[in-house]
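Encoded as structure tokens, the structure appears first; notes follow it.
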Protein chains: 2
Amino acid sequence: MNMAESYGQFCPVAMAAEIFCTRWTPLILRELAAGSTRFNDLKRGVPRISPTLLSKRLKQLEEAGVIERVRSADDAPEYRLTPAGNDLKTVVFGLGFWGQRWIEAQSSLKNLDPSLLMWDMRRNLNPTPLPQPRCVIQIVYPELKQGQRHWWLVIENGETDLCKVDPGFDVDLYISTDLRTMTAVWMGLTTVRSEIDAGRMHITGNDGVKHAINQWLGLSPFAVEKKLVNA
Amino acid sequence: MNMAESYGQFCPVAMAAEIFCTRWTPLILRELAAGSTRFNDLKRGVPRISPTLLSKRLKQLEEAGVIERVRSADDAPEYRLTPAGNDLKTVVFGLGFWGQRWIEAQSSLKNLDPSLLMWDMRRNLNPTPLPQPRCVIQIVYPELKQGQRHWWLVIENGETDLCKVDPGFDVDLYISTDLRTMTAVWMGLTTVRSEIDAGRMHITGNDGVKHAINQWLGLSPFAVEKKLVNA
DNA sequence: CTGCATCCTCTTCGATACTG
DNA sequence: CAGTATCGAAGAGGATGCAG
């Protein structure tokens, strides 16, 4: 943090803002808090950051004592939150919950992104109620262009994989909907039930998997919070 | 917020960071949370921001629904937190408390600023234990250059005024110290008692006012938090 | 795979001066 | 008091290439 970026104030808000309130930093911390440790996993969760800037931010966070760069068993670099970084999670989540309460749904739903949504769904999916040894869920966004239209979630041995190309397995459940609807469900702005009833979401396949959807389809960590503004 | 500044993510952390994590914004919100409402009061609490950028940020915060610009009784513009802005205080203070816990004291004490410190002391001073109808406290930083060396706090009718020129009243209490020591006391990093004992702070004058110093000298709102890192 | 370096363009920021 | 106007400097983003 050079002098030009410094606020020149001893106030803890100013000192902390120098670390936390730079472009992309809250999103990088959100990814780290969600469990990503590798450079390219972070990149995937923050796709529009350039690798140069991500690298710079990671160095700054390391310098600030928020993360540490360590070598994994196979000698690949990993980034992990330090105790100070773990403590900073409360600020990241506080910011997110504030956004969930006060930012109009319309604004958020202008930023649809199927890759981000599916990446998040993969991360929060709960394998427990799904059939063994393998369960395949296909999600289709008919309005999107080829390459973003078809997605497969493959749950096997308690692990969830996300595929953009057909993995070739039998599909247990098909979900067809539009990206806005799926995102709104994920954010807790509406429910699977009401979107099916409204004809914006169609689910076919294994009835057991279908009826357990509210168990395995984990929602956004912020979905529990209710909006306090009306769109 | 134009497209270039947008993160392009529906995640509430990203949406909120677009509002909260821009340069100077947390400091402006801190000033608003502390009670400042006028443009020049905000400028005084955030002295190194340019008026252009302050104006821009206030417009952005208004657009985001965090503050509202209203006309006071004498038709002067005032900025006040909305309910959403009040709710955002928890994030501002969360950030500040994190800073107080995890940022090394040495780093903060590189950013000494007598104007900011005295402005904050004025704001948090508790008039209750001080003699009526008027109490004058002079603070001297012998190492500073003329114009920053002498300060007077004038407490009258429950109101505290801060002067850089001698207001001409009899002084009830003199405090002589260096700026670093006074700042460290203000931040809760040390105590008046131990700094007097160490010879870094000298207090003379009315014994009643002197002995009540821990009552009237309000500290930083973050002073109650203990450091978790060692310098 | 995991990044870092470079070149280029565009936006934002800071400093200063100035106006109603 | 409450901002606006202007301009040069710095930072961020995109594209591309390369190294271990």
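Source: prediction; values computed, not measured. Within every chain, numbering begins at 1; the chains are lettered A, B, ... in the order of the sequence lines, protein sequences first and strands thereafter.
- Side-chain nitrogen and oxygen atoms of A/R38 include at least one within less than 4.0 Å of the OP1 or OP2 phosphate oxygen of C/dT2.
- If you measure from atom CG of B/D75 to atom C1' of D/dA2, you get 12 Å, rounded to the nearest angstrom.
- Taking 4.0 angstrom as the limit, A/N40 places none of its side-chain polar atoms (N or O) nearer than this to OP1 or OP2 of C/dC1.
- No hydrogens or angles considered: a donor-acceptor pair under 3.5 Å links the side chains of A/Y79 and A/R69.
- The nearest whole Å value for the distance from the CD atom in B/E18 to the P atom in C/dT12 is 12 Å.
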Distances under 3.5 Å only, N/O to N/O: pair up the protein atoms with those of nucleotides 14-20 of chain D.
| from | atom 1 | to | atom 2 | distance (Å) |
| --- | --- | --- | --- | --- |
| D/dG14 | OP2 | A/R48 | O | 3.2 |

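- For B/L53, whose side chain is taken as the heavy atoms from C-beta onward, the closest listed nucleotide among C/dG14, D/dA2, C/dT2 is C/dG14.
- The side chain of A/R23 places an N or O atom within less than 4.0 Å of a non-bridging phosphate oxygen (OP1 or OP2) of D/dG13.
- Across the protein-nucleic acid pair, A/L27 atom CG and D/dA12 atom P stand 14 Å apart, rounded to whole Å.
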Can you give the donor-acceptor pairs under 3.5 Å from side chains of residues 163-172 of chain B to other protein atoms, not counting sequence neighbours?
| from | atom 1 | to | atom 2 | distance (Å) |
| --- | --- | --- | --- | --- |
| B/K164 | NZ | B/G147 | O | 3.4 |
| B/D166 | OD1 | B/G168 | N | 2.7 |
| B/D172 | OD2 | B/V136 | N | 2.7 |

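- Between the side chains of A/K43 and A/N40, not a single donor N or O lies within less than 3.5 Å of an accepting N or O.
- B/F93 meets the ring pair (Phe, Tyr, Trp, His ring centres under 6.0 Å) test with B/F222; sequence neighbours excluded.
- What separates CD of A/E78 from C1' of C/dC1 is a distance of 14 Å, to the nearest Å.
- Side-chain nitrogen and oxygen atoms of A/R44 include none within less than 4.0 Å of the OP1 or OP2 phosphate oxygen of C/dT2.
- Separating the CZ atom of B/R57 from the C1' atom of D/dA2 is a distance of 19 Å, rounded to the nearest angstrom.
- Closest heavy-atom contact between B/S36 and B/L42: CB-CD2, 3.9 Å.
- For C/dC13, the OP1/OP2 oxygens have a side-chain nitrogen or oxygen of B/K56 closer than 4.0 Å.
- Residue B/L54 contributes atom CG, which lies 14 Å from atom P of D/dC1 at whole-angstrom precision.
- Applying the 4.0 Å criterion to OP1 and OP2 of D/dT4, one finds that B/S55 has a side-chain N or O inside that range.
- Put simply, CG on B/D41 is 8 Å from P on D/dA2, counting in whole angstrom units.
- What separates CG of A/L58 from C1' of C/dT2 is a distance of 12 Å, to the nearest Å.
- Put simply, B/Y7 has no side-chain N or O that comes within less than 4.0 Å of OP1 or OP2 on D/dG13.
- Contact check on B/D120 versus B/R123 returns a salt bridge, with a Lys/Arg side-chain nitrogen under 4.0 Å from an Asp/Glu carboxylate oxygen.
- Between A/E143 and A/R180 there is no salt bridge, since no side-chain nitrogen of the basic residue lies less than 4.0 Å from a carboxylate oxygen of the acidic one.
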